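A short write-up of the structure that comes next.
Numbering of ligands and ligand atoms starts at 1, following listing order. This one's a predicted model, so the numbers in the text were calculated from it and none came from an experiment. Every heavy atom of this structure was used, including side-chain atoms; hydrogens, water molecules and symmetry mates were not.
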Amino acid sequence: MNWLRELLLPEQATVYAGQVDDLFLFIFYISAFFFFLVTALIVFFVWRYRRRAPNERTPKITHNFKLEVAWTVIPLAIVMVIFFWGFHGYLDATVPPRDALEIRVTGKRWVWQFEYPNGTRTLNELRVPLGKPVTLIMTSDDVIHSFYVPSFRIKADLLPDRYTRLWFTPEKEGTHVLFCAEYCGTGHSVMGGKIHVLSESKYRDWLERGDETTQAMPLPELGALLYQSRGCATCHSLDGRRGQGPSFKGIFGHTQRMADGKDALVDENYLRESILQPQARIVEGYQPIMPTFQGLLTEREIQALIEFIKAQK
Ligand code: CUA
């Protein structure tokens with residue numbers, strides 16, 4: 001009956017999709033079987049028990065014990081099978097494996113924003129490695145949205161001020177369609193996206209090089225973006241004002257006095273060290289409070305920040 005599955009249901013791109021379809025088709029076939037059985041019996045009984053003589057009477061039958069037991073026990077058995085089968089699948093779908101890759105999803109009118117463990121962010125395009133379990137930790141910036149991927153057979157709402165989860169293991173390389181399945185305003189119908197399932201190596205490659213928009217950006221421009229998005233701006237001003245950390249204005253190429261009394265030249269190596277091991281050398285008069293950005297920035301992003309700081313004359 002594979003042709004029926006293909007006719008009725010979208011492509012299966014996860015193992016879970018196969019499980020959902022099996023149960024769905026089981027219920028579908030049982031419903032179809034009883035639909036035809038009941039219809040046939042109605043037609044048959046109408047014909048078989050038609051009135052033959054004008055004063056014919058139906059005998060008074062109050063009950064039939066065997067028949068009543070049968071029509072109670074058989075449906076009960078069927079719905080119990082459906083219940084335990086479905087419950088089993090529900091547990092599978094709710095509990096993600098511990099080693100799953102965690103990706104943050106934020107829904108906002110009318111885009112999907114994805115954030116990867118290394119800090120990479122994308123809009124409307126989710127990339128995942130083939131065959132690896134992925135957990136989505138989702139929330140909304142405004143109204144309720146719903147993350148729906150037909151070929152993965154997964155769907156869950158995104159709520160403001162709360163986190164919801166979905167997980168899946170993609171089994172088919174290629175592009176899959178993502179929809180918003182909760183009416184969220186005028187842009188609802190265009191609130192869609194794409195899920196690209198890539199081979200493990202292609203995925204790593206992409207993570208290292210960053211997404212297309214930032215890839216195309218010249219280094220200082222990317223640096224300016226990161227300066228805002230990664231929170232540098234909170235502590236380091238660009239106009240010489242003293243913040244939690246030294247201002248970036250005019251520091252490049254100058255010597256700074258460190259907390260240990262030594263002087264250090266602010267060059268590329270010094271900046272790189274300050275980003276990755278901020279506690280190594282602290283400028284005199286400042287607290288060692290900066291977090292490390294080790295693992296949170298790609299090589300190119302580090303260079304971009306250095307170029308950006310260099311440009312603050
Ligand atoms: Cu978001 Cu509909």
Side-chain angles (χ1 to χ4, degrees), residues 7-21 23-24 86 89-97 100-130 132-198 203 206-207 210-216 225 228-231:
L7 188 74
L8 290 177
L9 302 165
E11 168 194 25
Q12 296 175 346
T14 54
V15 174
Y16 182 63
Q19 294 173 356
V20 171
D21 293 359
L23 180 55
F24 171 81
Y90 174 78
L91 290 182
D92 277 354
T94 332
V95 186
L101 166 69
E102 288 190 355
I103 297 174
R104 307 249 155 201
V105 183
T106 309
K108 40 186 121 183
R109 281 176 292 183
W110 287 279
V111 289
W112 300 100
Q113 184 192 296
F114 303 105
E115 183 162 350
Y116 296 77
N118 75 348
T120 301
R121 288 182 200 186
T122 57
L123 289 178
N124 292 339
E125 306 251 333
L126 175 64
R127 285 173 184 76
V128 289
L130 180 70
K132 286 264 170 150
V134 177
T135 301
L136 304 175
I137 299 163
M138 314 192 293
T139 190
S140 166
D141 260 7
D142 36 55
V143 298
I144 301 178
H145 303 278
S146 184
F147 191 94
Y148 176 41
V149 188
S151 56
F152 290 3
R153 309 290 188 277
I154 55 170
K155 185 203 248 176
D157 281 5
L158 288 77
L159 310 166
D161 303 322
R162 206 187 295 184
Y163 299 105
T164 50
R165 278 165 182 264
L166 272 180
W167 81 272
F168 57 89
T169 305
E171 299 286 332
K172 252 191 203 165
E173 246 177 288
T175 300
H176 305 279
V177 188
L178 158 69
F179 294 107
C180 179
E182 179 72 49
Y183 182 66
C184 54
T186 26
H188 165 70
S189 59
V190 295
M191 186 171 172
K194 283 183 183 141
I195 301 183
H196 304 285
V197 178
L198 310 172
Y203 173 74
W206 167 76
L207 261 194
D211 61 55
E212 307 92 291
T213 32
T214 54
Q215 233 172 283
L225 185 81
Q228 292 297 338
S229 70
R230 300 302 156 85

Handout entry: Close side-chain approach of Phe168 and Leu136, heavy atoms under 4.5 Å
Key = yes
Handout entry: Test item: Asp157 and Thr164 side chains (from C-beta on) under 4.5 Å apart, heavy atoms
Key = no
Exercise for the section: Go through the structure and list residues passing ring pair (Phe, Tyr, Trp, His ring centres under 6.0 Å) with Tyr116, not counting sequence neighbours. Expected result: Trp206
Exercise for the section: Return the set of protein N, O or S atoms whose distance to atom 2 (Cu) of ligand 1 is under 2.8 Å, each given as residue and atom. Expected result: Cys180 SG, Glu182 O, Cys184 SG, His188 ND1
Handout entry: Gap between atom CG of Leu126 and atom CZ of Phe147 - 0.5 Å precision
Key = 6.0 Å
Exercise for the section: Just jot down the side chain to side chain contact (heavy atoms under 4.5 Å, CB included) partners of Tyr183, sequence neighbours excluded, or say none. Expected result: His188
Under 3.5 Å, which donor-acceptor pairs link side chains of residues 137-144 to any protein atom two or more places apart or in another chain?
from   : atom 1 : to     : atom 2 : distance (Å)
Thr139 : OG1    : Leu159 : O      : 3.1
Thr139 : OG1    : Arg162 : O      : 2.9
Ser140 : OG     : Asp142 : N      : 3.0
Ser140 : OG     : Val143 : O      : 2.5
Asp141 : OD2    : Lys108 : NZ     : 3.4
Asp142 : OD1    : His145 : NE2    : 2.9
Asp142 : OD2    : Arg109 : N      : 2.9

